[in-house]
Amino acid sequence: LRSPLSAVKWQLNVMLSEESKGEVAMTEHSRSCLEAIYGQNERMIRAVNDLLEVNRIEDNDLILRPTLFSLYALTEQIRKSYEKFSSANNVNITIFAQNDLPMVFADEERIKRAIEHLIDNAIRYSAKKGEIKVNIKYYGDQIVWKIIDEEVGIPGTDRTRVFDKFFRSVNASRYQTEGSGVGLFIAKSIIKMHGGVIGYSSELEKGSTFWFSLPIKSKS
């Protein structure tokens, strides 16, 4: 599945690039259609990647490649990549980081995926214009990443299954959000593989707080 999707992405990139350089004439409507196709293709690529990740997790085949990196810098990079999506949902994302945060020794790409799933969920379930706040602090030998939103909250009947594979809350249908129900499962698995802990608290119609902790490790 991923190979033909990547081929479609490459062809679309070529067409959009040629149009932006003036090498190909294109109406505004045609460009808008191509951009919509590109967006849906990206959505499919993400879905396939998520399912492959689930397969690796279940087969104990997820290989971690830890490096030293800044959790704040990574979060800021993800925030910028979600600006269009958050603006379209009338949501503003703000990051608050403690001074002198230590570097994290972990698999940066995997932690990035976990954070993306948490931010994506917070935006999708925001019922109205509001704020999403990300706090990053460290306590002793632990660094804690926390996202606080003003979303619809999680019904009590769903709370024990939030991190289950393929589970989608009743609010997913109510607010017509898209997804395969594996994002939080992947996030939890990645954090646990790093020796960390993930959890959440939620109040219906007021919002939710998701958090994870990672042990602070030196490269040695």
Side-chain angles (χ1 to χ4, degrees), residues 1-19 30-67 69 74-75 77-89 91 93 106-126 132 145 147 151 158 161-194 196 198 200 210 212:
L1 285 171
R2 194 159 57 176
S3 294
L5 288 169
S6 296
V8 171
K9 178 178 180 175
W10 179 78
Q11 301 268 6
L12 288 169
N13 273 329
V14 170
M15 295 172 71
L16 290 168
S17 176
E18 288 178 344
E19 192 274 338
S30 295
R31 181 175 180 83
S32 177
C33 288
L34 280 178
E35 289 175 341
I37 295 169
Y38 185 92
Q40 291 301 312
N41 191 66
E42 283 289 284
R43 178 186 162 208
M44 284 299 298
I45 290 173
R46 285 194 298 271
V48 170
N49 286 339
D50 281 346
L51 293 175
L52 287 171
E53 197 86 325
V54 169
N55 189 60
R56 293 188 193 101
I57 290 167
E58 294 188 325
D59 287 347
N60 293 316
D61 196 30
L62 196 65
I63 299 171
L64 300 180
R65 295 179 175 85
T67 58
F69 66 93
L74 177 64
T75 304
Q77 174 192 330
I78 296 169
R79 184 195 67 78
K80 288 180 179 177
S81 72
Y82 271 85
E83 278 183 343
K84 282 188 178 180
F85 185 41
S86 59
S87 294
N89 285 272
V91 173
I93 303 173
D107 187 318
E108 185 172 2
E109 189 58 35
R110 302 297 183 191
I111 298 299
K112 178 183 178 184
R113 292 191 68 127
I115 292 174
E116 284 175 342
H117 283 304
L118 292 171
I119 289 179
D120 191 88
N121 264 22
I123 296 172
R124 288 185 188 279
Y125 287 97
S126 291
I132 291 176
W145 188 98
I147 185 166
E151 60 167 52
D158 292 346
R161 302 183 61 195
V162 164
F163 293 105
D164 288 359
K165 180 181 59 176
F166 299 126
F167 175 72
R168 302 197 72 212
S169 168
V170 292
N171 279 338
S173 299
R174 182 180 173 189
Y175 292 94
Q176 299 181 335
T177 60
E178 301 171 345
S180 56
V182 299
L184 291 177
F185 170 81
I186 291 172
K188 181 178 181 179
S189 300
I190 288 171
I191 297 303
K192 285 184 68 178
M193 286 183 69
H194 282 85
I198 189 169
Y200 80 98
F210 279 81
F212 67 80

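Keep in mind that what you see is a predicted model, and the values were worked out from it rather than measured. The first residue in the sequence is number 1, and the count goes up from there.
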Test Leu34 against Glu19 for side chain to side chain contact (heavy atoms under 4.5 Å, CB included), laying out the working first. CA-CA 11 Å; Leu34 280 178; Glu19 192 274 338; over 6 Å; no
Do NZ/NE/NH1/NH2 and the carboxylate oxygens of Arg113 and Glu116 come within less than 4.0 Å? no
Hey, are the side chains of Val91 and Phe85 touching, using non-hydrogen atoms and a 4.5 Å cut-off? no
Heavy-atom nearest pair, Ile186 first then Ile57, reads CA-CD1, 4.1 Å
Nearest-0.5 Å distance that lies between atom CD1 in Ile37 and atom CD in Glu42: 13.0 Å
Is any side-chain N of the basic residue among Arg110 and Glu53 closer than 4.0 Å to the acidic one's carboxylate O? yes
Nearest heavy-atom contact between Ser86 and Ile93 is CB-CD1, 4.1 Å
With a 4.5 Å cut-off on side-chain heavy atoms, are Asn121 and Phe210 touching? no
Considering non-hydrogen atoms only, spot the tightest contact between Leu64 and Met193 and give its length. CD1-O, 3.8 Å
Leu52 atom CG, over 12 foreign heavy atoms within 6.0 Å: yes
Do Tyr200 and Leu184 come within less than 4.5 Å of each other through their side chains, counting heavy atoms only? no
For residues Phe69 and Thr67, report the shortest heavy-atom separation together with the two atoms involved. CD2-O, 3.4 Å
Any side-chain heavy atom of Ser189 sitting closer than 4.5 Å to one from Phe185? yes
Mind checking whether Arg79 and Ile119 have side chains closer than 4.5 Å, heavy atoms only? no
Grab the two heavy atoms, one from Ile147 and one from Ala122, that are nearest each other, plus how far apart they are. CD1-CB, 3.8 Å
Backbone N or O of Val14 within a donor-acceptor pair of the Ser17 side chain at under 3.5 Å? no
Below 4.5 Å, heavy atoms only, C-beta onward: do Ile111 and Asp107 meet side chain to side chain? no
Approximate separation, where rounding is to 0.5 Å, of Lys80 NZ and Glu83 CD: 7.5 Å
Closest heavy-atom contact between His117 and Gly183? ND1-CA, 3.4 Å
Apply side chain to side chain contact (heavy atoms under 4.5 Å, CB included) to the pair Phe212 and Ile190, showing each step before the final yes or no. CA-CA 11 Å; Phe212 67 80; Ile190 288 171; over 6 Å; no
What distance separates Glu35 CD from Met15 CE, expressed to the nearest 0.5 Å? 12.0 Å
For residues Lys112 and Gln77, determine if any side-chain heavy atom of one lies less than 4.5 Å from a side-chain heavy atom of the other. yes
Could you measure the distance from the CH2 atom of Trp145 to the CD1 atom of Ile198? Nearest 0.5 Å is fine. 9.0 Å
Quick check for you: to the nearest 0.5 Å, what is the distance between Ile123 atom CD1 and Leu118 atom CG? 11.5 Å
Check against side chain to side chain contact (heavy atoms under 4.5 Å, CB included), Lys9 and Leu5: CA-CA 6 Å; Lys9 178 178 180 175; Leu5 288 169; over 6 Å; no
